[in-house]
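Note that the coordinates shown come from a computational prediction; the quantities given were computed from them, not determined experimentally. Hydrogens, waters and symmetry mates are skipped; everything else that's a heavy atom, side chains included, is used.
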Amino acid sequence: MKNIAGKTNPSADEIAEKAASGEDVSLYFTNKGEMKPAVQRVNVDFGVDMLKELDAIAKELNVSRQAVIKLYLRQSLNLHYLARKGMESK
């Protein structure tokens with residue numbers, strides 16, 4: 001976003017406050033972006049052995065434990081949907 005009259009760009013919270021007070025905030029938006037789905041934090045308990053496995057994989061791939069969990073969960077969901085689709089076509 002370009003600076004407006006030499007001012008620094010307001011934060012998202014500042015823009016939200018302006019909108020909440022009825023100010024026109026349309027100049028802060030270009031309509032070129034896309035909406036990101038909401039992220040919801042969840043707590044999951046893992047056994048120590050599984051955490052060691054996840055950490056070893058994360059180290060091998062040079063990514064975070066969270067990235068490994070997300071990757072494997074996504075792959076598992078994809079396999080689930082493929083299996084379901086295969087069962088429906090029979």
Side-chain angles (χ1 to χ4, degrees):
M1 180 180 343
K2 295 180 182 178
N3 287 345
I4 300 168
K7 296 180 183 179
T8 59
N9 296 330
S11 69
D13 288 335
E14 292 169 334
I15 294 171
E17 287 175 17
K18 288 181 180 195
S21 68
E23 289 184 50
D24 179 11
V25 294
S26 61
L27 63 117
Y28 298 109
F29 300 96
T30 62
N31 292 329
K32 294 180 182 176
E34 62 184 67
M35 294 296 293
K36 300 286 184 184
V39 174
Q40 185 173 349
R41 187 171 299 273
V42 296
N43 295 321
V44 180
D45 297 325
F46 293 101
V48 174
D49 291 339
M50 186 179 287
L51 284 176
K52 287 179 182 177
E53 290 179 76
L54 290 167
D55 288 340
I57 294 167
K59 185 176 181 179
E60 180 182 325
L61 298 174
N62 196 31
V63 297
S64 68
R65 179 195 294 164
Q66 182 179 20
V68 172
I69 293 168
K70 287 179 177 181
L71 171 71
Y72 284 144
L73 184 54
R74 178 74 265 161
Q75 288 178 342
S76 181
L77 289 169
N78 289 346
L79 287 173
H80 169 77
Y81 294 127
L82 282 173
R84 183 191 297 173
K85 188 175 181 180
M87 292 174 67
E88 289 174 358
S89 64
K90 288 185 178 182

For this session: Could you pull out the closest heavy-atom pair between Ile15 and Pro10, with the gap in Å?
Result: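 Looks like CG1-CG, 3.7 Å.
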With sequence neighbours left out, write down each residue that passes side chain to side chain contact (heavy atoms under 4.5 Å, CB included) with [X], or none if nothing qualifies.
{"X": "Leu79", "result": "none"}
{"X": "Ile57", "result": "Leu61, Val68, Tyr72"}
{"X": "Ala67", "result": "Val63, Ser64"}

For this session: Write out all pairs satisfying salt bridge (Lys or Arg N to Asp or Glu O under 4.0 Å) with one or both partners inside residues 13-25, taking only residues at least two apart or from two chains.
Result: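 Listed by first then second residue: nothing to list.
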For this session: Could you list the residues that satisfy side chain to side chain donor-acceptor pair (under 3.5 Å) with Asn62, not counting sequence neighbours?
Result: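 Side chain to side chain donor-acceptor pair (under 3.5 Å) check on Asn62 returns nothing, list empty.
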Exercise. CG of Leu77 to CG of Leu82: how many Å apart, nearest 0.5 Å?
Worked result: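 Those atoms lie 11.0 Å apart.
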Exercise. Would the number of heavy atoms belonging to other residues, nucleotides or ligands and lying under 6.0 Å from CD of Gln66 be above 12?
Worked result: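 No - once you tally the heavy atoms of other residues, nucleotides and ligands closer than 6.0 Å, there are 12 at most.
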I'd like a table of donor-acceptor pairs (distance under 3.5 Å, sequence neighbours excluded) in which one partner is a side-chain atom from residues 31-56, with atom names and distances.
unit_1, atom_1, unit_2, atom_2, d
Asp55, OD1, Arg65, NE, 2.7
Asp55, OD1, Arg65, NH2, 3.2
Asp55, OD2, Arg65, NH2, 3.0

